[in-house]
Structures are given as structure tokens and as C-alpha cells.
K.L.:
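Dumping the structure here so I can ask a few things about it.
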Amino acid sequence: MEEKNILAALDIELQKVSFLKGSMSIVVIPEKYADKALGYKRAVDTVLRYKEYLVIGLFGMDADQASGLFLSIPKGIAVYPHDGNDIASLFFEATERLQEMGGSPWVKRLWDSIKETNAMERQEDPESRFISASFYQFLSLLASHPHELARITADMKETDRHWVKDYLPHGLAQSLDNDTCSQGEQVTDLLEKWQYKEKMDLKQDKGKKTLRKFRNIEHFFTLPSISQEIIDLASDSLLAASRMARIIEKDPVLTSRLLKVVNSAFYGFHRQIDSVEHAIVILGNEEVVNLAFSIAIHKILETISPDHAEKLWEHSLIVAHLSQWLGPFLGYRIKDKIYTVGLLHDFGKIVFLQRGHFISDSGRPSSLDDLANEEMDSGLSHAEMGAYVAERWNLPSGIVDALQCHHLPGKAKDTALAVTVHLADVIAHTGSIHMDMVNNAAVRYLSQRKGPPLSQDMVSKAYQETISRVKQVLEV
Ligand SMILES: [Fe+2]
Ligand SMILES: [Fe+2]
């Protein structure tokens with residue numbers, strides 16, 4: 001009874017909510033975080049100090065929203081009506097949840113709220129999903145503290161453990177399961193010192209500024225109309241050769257380059273191919289569409305990119321070809337997107353280079369540290385930047401999503417597509433599939449796949465062939 005009296009102010013609020021048939025979250029926060037919590041609360045929220053806790057009532061909020069509001073503070077949350085009917089039961093429920101989770105309650109909440117924030121922002125503001133969906137600096141911090149991370153994940157449910165591990169390279173994710181080391185910092189201290197919220201705010205600010213800056217550069221965001229038509233063609237595999245040829249032939253430069261490539265050593269035909277229609281009959285729709293798209297995109301690059309972007313372009317062509325080869329092994333049979341995603345996967349790097357932004361070393365697969373460094377510079381990594389440009393080009397949403405997730409394929413809507421391009425990227429850099437550096441979700445996907453057998457020998461053979469074929473194309 002005594003508690004009920006002390007919590008009387010909140011009880012009155014609860015009665016109002018119950019009368020209005022609304023909802024209310026009761027958040028219990030340890031006293032030592034009270035000042036921080038008071039800074040984040042909304043003006044309409046009711047707050048009181050009780051014993052060693054700060055108790056806050058938030059109207060119209062569910063647990064995830066409440067968690068998001070006090071992101072970096074340890075807390076217990078109970079929600080009216082489903083956790084109880086009166087203020088005392090809600091308070092005890094919330095306190096119990098705070099204690100139940102031991103040393104790292106809010107880390108779990110943090111993951112939950114990252115998930116929730118991503119989902120919310122995806123719906124609300126299309127631009128913010130490029131800014132808020134990832135936080136590589138946080139991931140690289142966790143990756144550099146494997147013992148602490150092992151302690152966090154040890155308390156999690158299996159599905160949550162998977163969810164966290166899918167942000168990490170496979171080698172590290174695997175080591176967490178065997179980590180029994182009890183040393184290392186207290187997780188709460190570590191993250192508090194690191195200042196999650198402040199760093200996230202700074203990242204988002206920078207990201208917004210970067211996108212604002214790029215929004216005004218018109219030439220990046222106008223995909224030549226011919227490319228748009230080519231992308232539309234790609235989804236229509238039964239299109240007559242003559243109709244497709246008419247569309248490509250509208251662009252004479254594109255046509256002459258296309259004919260040069262099909263007549264090169266790359267294809268090795270003995271007879272001269274003298275028209276686009278002839279090329280389509282011999283090579284097939286898909287091959288010609290991919291070729292035409294590569295040439296069209298390269299034409300944009302010539303006007304905007306510095307010389308060393310050429311190296312990146314070569315890498316992009318290699319990944320596009322390897323993705324096309326790898327797709328069927330991973331059960332990915334829809335061909336129209338895979339080449340484009342491979343071709344554009346690092347387009348964000350080219351955009352960054354052009355505007356003098358930092359990009360990670362392009363000679364190796366990007367690590368979490370690499371992506372974190374890009375993010376520190378511009379608020380985004382090249383994956384989000386590339387996805388943003390692709391969206392401005394009105395490319396299909398499946399392509400935009402795969403570009404954004406090519407380093408975190410487990411977070412993609414189409415896992416098979418993102419995993420294919422992620423693996424093709426690693427192969428393009430190393431000549432084989434280096435499991436330790438491959439993302440954990442991709443390794444899991446690979447181990448569960450039902451496609452034809454895939455050996456390291458086949459991979460290195462495909463790699464060698466792709467390298468020499470792409471070199472021939474580039475020489476034209
Ligand atoms: Fe990349
Ligand atoms: Fe790449």
C-alpha cells in the first residue's frame with residue numbers, strides 16, 4: 001500500500017490513460033542515471049524519484065519507443081495495459097526487468113531499439129534510412145572487444161545472438177561461442193565511456209550534411225535516359241532482339257562501344273558482328289543488356305571520376321561477372337538484378353572519391369573498421385552512399401537494398417542476392433572465399449544452401465577467368 005501512495009502522482013496519470021483507453025510505459029531507471037534521463041524525457045512525461053530509482057511515465061509509448069528515448073541508459077520497462085492494471089504492479093514489473101537482466105540489461109535493449117529505430121525510420125523518412133540504418137563505429141567498437149561482446153551475447157536468446165553475430169565477420173562471430181574469459185571491462189562502463197548517443201547524433205548530423213551536399217549535384221543523380229531504358233529491358237527476357245536493338249542504337253556512342261567489345265578477343269568470334277541486333281541474336285538479351293548498362297554507367301563515370309576511380313571500376317566489373325557466375329550456386333536465379341548490383345556495389349566509393357571524401361583501402365574487402373572510418377568522415381559508409389544514389393536514379397528497391405547491405409548481407413531483404421554480391425566481392429579481392437573475413441550471415445547462408453557443389457578450386461578458376469576477361473573488355 002505504501003508504494004501505491006508514494007507513486008500516487010503516476011497512479012493518477014495511469015487512471016487517465018485507462019479512462020482514455022490509451023497506453024503508458026513505466027520506465028524505472030537507477031538513480032545514478034537520473035540526470036541523464038531527465039535530459040532526454042519529454043515535457044509531458046511524469047517523473048518522480050522513488051527509493052534508489054527514477055520512475056517515469058510515458059504516455060502513448062510502447063516499450064520499444066520508450067527504450068529508444070533512453071537509449072544508452074540501463075532501465076526496466078513495463079507497459080500498461082498488458083503488464084499490469086495498477087501502478088504498483090507496473091512498477092514492480094519494471095524493477096524486476098531491470099534487475100533480471102543483470103549487468104547488461106540495456107545492451108539487449110539497445111539492440112532491440114536499434115532494430116526498432118531502423119524499422120520506424122524506414123517507414124517515416126526515406127532519406128534517413130541511409131543515415132540511421134547502420135552504425136559501423138559501434139559495430140567496430142564491439143568487434144574490438146570480443147570478451148565483452150561474448151559476455152553480452154551469452155545472456156541472449158538464440159535468435160538475438162544470431163541477430164548480433166550477423167553484423168560481424170564469421171571468424172569473430174565463431175570465437176564468441178568459445179569465449180569463456182571473464183576479464184575485460186564492465187560492458188556498461190565501456191559503452192558509457194564510449195558515449196553511444198553522442199556519437200550516433202554526430203554521425204546522423206554528418207550523414208544529413210553529406211546527403212544535402214550531394215542532393216545538389218545534379219549530374220550524379222540523372223541516370224542517362226538510355227540507362228533507365230536498359231534497366232527496364234533487363235526485366236523483360238522475351239523482348240524481341242529488333243526492339244531491344246532499336247533502343248540501344250538510339251545512342252551512337254554506346255552502340256559503337258558495344259560493337260567494339262563484342263568483336264574483341266573477349267568473345268573471340270571469327271565473324272564480324274556488325275549490328276546490335278546481330279549481337280543480341282548471338283549473345284542473348286541478358287548479356288547485351290548487361291554490357292550496354294556497363295558502358296552507359298562508365299560513360300557517366302568518365303565525366304565525374306578521377307583517374308584512380310578506374311581501378312574501382314575494374315573491381316566493379318569483376319564483382320559483377322563473379323556475382324553472375326556465383327548466383328546459381330547460391331540458389332539465386334533471377335538474373336536481372338545480380339549484374340547491376342555487382343556493378344554498382346562500390347559506386348558509393350567512386351562518389352566519395354569524386355568529392356574528396358575519405359574511402360577505405362580499395363585493395364581489400366572492407367572491414368568494420370574501414371566502414372567505421374568512412375562513417376566518421378561523412379556520416380555514411382560507401383554502401384549507404386551507393387544505395388542513396390541508386391535510389392535517386394529510381395533503380396528498383398531490391399537493387400537499392402542489396403547495395404546498402406552488401407557488407408551486412410544478413411540485414412538485406414533478399415539475402416541470396418546480398419550474400420552473392422558479398423561473396424563475389426571477397427573473391428574479387430582475395431581469389432578465394434576467405435571464411436574468416438566473410439560476414440557471418442553469408443557463411444551461414446552458404447552452409448545451408450541447396451545449390452550445386454562449390455569448391456575453392458572452382459572459385460579460383462572462375463576468378464582467374466573473370467580477371468582476364470574483364471581486362472580484355474577494359475582494353476577495348
Ligand atoms: Fe563495398
Ligand atoms: Fe568491393
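These values consider heavy atoms only, across backbone and side chains, with no hydrogens, waters or symmetry-generated copies. Counting convention: from 1, in listed order, for ligands and their atoms alike.
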K.L.:
Can you check side chain to side chain contact (heavy atoms under 4.5 Å, CB included) on His315 and Asp425, steps first, answer last?
P.N.:
CA-CA 8 Å; His315 167 70; Asp425 190 23; 2.9 Å; yes
K.L.:
Short question: side chain of Asn439, backbone of Pro169 - any donor-acceptor pair under 3.5 Å?
P.N.:
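Side chain of Asn439 to backbone of Pro169, a donor-acceptor pair under 3.5 Å: no, none is there.
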K.L.:
Looking at residues at least two apart in the chain, or sitting in another chain, which of them share a side-chain hydrogen bond (donor to acceptor under 3.5 Å, both in side chains) with Asp369?
P.N.:
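Asp369 satisfies side-chain hydrogen bond (donor to acceptor under 3.5 Å, both in side chains) with Ser140 once adjacent residues are dropped.
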K.L.:
May I ask you to list the protein N, O or S atoms found at less than 2.8 Å from the Fe ion (ligand 1)?
P.N.:
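Protein N, O or S atoms closer than 2.8 Å to the Fe ion (ligand 1): Asp346 OD1, His382 NE2, His406 NE2, His407 NE2.
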K.L.:
Using side-chain hydrogen bond (donor to acceptor under 3.5 Å, both in side chains) as the criterion, list what pairs up with His321, not counting sequence neighbours.
P.N.:
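So His321 forms no side-chain hydrogen bond (donor to acceptor under 3.5 Å, both in side chains) with any residue.
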K.L.:
Do His382 and His407 have ring centroids that are under 6.0 Å from one another?
P.N.:
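Ring centroids of His407 and His382 are less than 6.0 Å from each other.
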K.L.:
What pairs of donor and acceptor atoms, side-chain ones from residues 271-278 against any protein atom, are under 3.5 angstrom apart with sequence neighbours left out?
P.N.:
from, atom 1, to, atom 2, distance (Å)
Ser275, OG, His278, N, 3.0

